[in-house]
Amino acid sequence: MKKYILVLATVILSSSSLLQAAADLSPTFSIRYEDFINTPVPSAAVGLKLTIDEDRYTGFEVNSDATDTRLLMGWKWGLIGIGSKDVQGDLYPHYTFGVSYEIIAGLASNFEYVMTPADAAGVDDKLRLTLSVSF
């Protein structure tokens, strides 16, 4: 009988730690203005955000037509993104860096500089404005 109680206690403790770890992983939804100075056309992006501690997080994000995919590394005040940009079937490296401001818990605005190498035809560097919600 003691063996079953020990196994049950181990299972409960293991599942509670897994549930606590899962609480740090949250889906995100973003409304982006890709080049908001020249062409302020909104688009959408979805992703996952893994909170490391109160100040740092990581995750990934992909836009609605799957042409912009990136990994994110962020702090309370800023973020860096490394990913790929699909331009008419050709993949190019894609880099972003910017500042972030959490308006309320789970709602943040981001202002980023987006860079794609010069050999990507028709893709210029731009400024991106984003409103992101974490659930």
Side-chain angles (χ1 to χ4, degrees):
M1 184 66 167
K2 289 182 183 182
K3 182 178 181 182
Y4 294 115
I5 293 173
L6 182 59
V7 169
L8 183 62
T10 304
V11 168
I12 290 172
L13 289 174
S14 298
S15 14
S16 67
S17 65
L18 286 175
L19 289 174
Q20 179 63 32
D24 294 335
L25 186 63
S26 59
T28 62
F29 178 75
S30 302
I31 301 295
R32 293 176 170 177
Y33 291 91
E34 289 294 334
D35 189 2
F36 77 96
I37 292 178
N38 298 320
T39 54
V41 178
S43 67
V46 295
L48 282 176
K49 180 179 175 183
L50 175 64
T51 304
I52 298 169
D53 59 25
E54 290 181 8
D55 293 333
R56 296 175 293 166
Y57 64 90
T58 188
F60 73 91
E61 191 173 64
V62 62
N63 68 346
S64 56
D65 61 358
T67 57
D68 180 356
T69 306
R70 66 185 179 151
L71 296 173
L72 296 171
M73 297 158 283
W75 298 267
K76 208 173 216 181
W77 49 268
L79 63 121
I80 298 171
I82 300 170
S84 65
K85 179 83 172 164
D86 184 354
V87 181
Q88 300 173 350
D90 295 327
L91 287 177
Y92 296 99
H94 188 59
Y95 310 102
T96 63
F97 61 93
V99 294
S100 181
Y101 177 72
E102 189 168 28
I103 301 166
I104 58 174
L107 178 65
S109 65
N110 301 324
F111 182 69
E112 301 171 89
Y113 182 72
V114 181
M115 297 183 302
T116 305
D119 59 345
V123 180
D124 295 326
D125 294 352
K126 59 189 170 192
L127 296 173
R128 176 190 291 160
L129 183 64
T130 304
L131 186 63
S132 181
V133 179
S134 297
F135 299 98

Would you name the heavy atoms of [X] and [Y] that are closest together and state the gap between them?
| X | Y | result |
| --- | --- | --- |
| E54 | K76 | O-CE, 3.9 Å |
| N63 | T67 | OD1-N, 2.9 Å |
| Y33 | P42 | CE2-CB, 3.7 Å |
| M115 | D125 | CA-OD1, 3.5 Å |
| P117 | P93 | CD-O, 3.0 Å |
| G81 | L72 | CA-CD2, 4.2 Å |

Is there a side-chain contact between [X] and [Y] (heavy atoms, below 4.5 Å)?
| X | Y | result |
| --- | --- | --- |
| F111 | Y101 | no |
| Y57 | L50 | no |
| I82 | M73 | yes |
| T69 | F60 | no |
| I80 | W75 | yes |
| L131 | I103 | yes |

Common cluster, [X]/[Y], ILVMFWY with side-chain heavy-atom separation under 4.5 Å:
| X | Y | value |
| --- | --- | --- |
| V41 | V87 | no |
| L129 | V133 | yes |
| L48 | V62 | no |
| W77 | F97 | yes |
| I37 | Y113 | yes |

(request) Answer yes or no: is there a donor N or O on one side and an acceptor on the other, between the side chain of S84 and the main chain of L91, under 3.5 Å? (result) no

(request) Using modelled atom types only, decide if a donor and an acceptor are shared between the side chain of T130 and the backbone of S109 within a distance under 3.5 Å. (result) no

(message) Taking side-chain hydrogen bond (donor to acceptor under 3.5 Å, both in side chains) as the criterion, tell me which of D68, D35, N110 meets it with R128.
(response) D68

Rounded to the nearest 0.5 Å, what separates atom [atom1] in [X] from atom [atom2] in [Y]?
| X | Y | atom1 | atom2 | answer |
| --- | --- | --- | --- | --- |
| I31 | S132 | CD1 | OG | 9.5 Å |
| T116 | H94 | OG1 | NE2 | 5.0 Å |
| S134 | E102 | OG | CD | 8.0 Å |
| E112 | L79 | CD | CG | 4.5 Å |
| R56 | T51 | CZ | OG1 | 11.5 Å |

(request) Check the surroundings of atom CZ in F36: do more than 12 heavy atoms from other residues, nucleotides or ligands lie under 6.0 Å from it? (result) yes

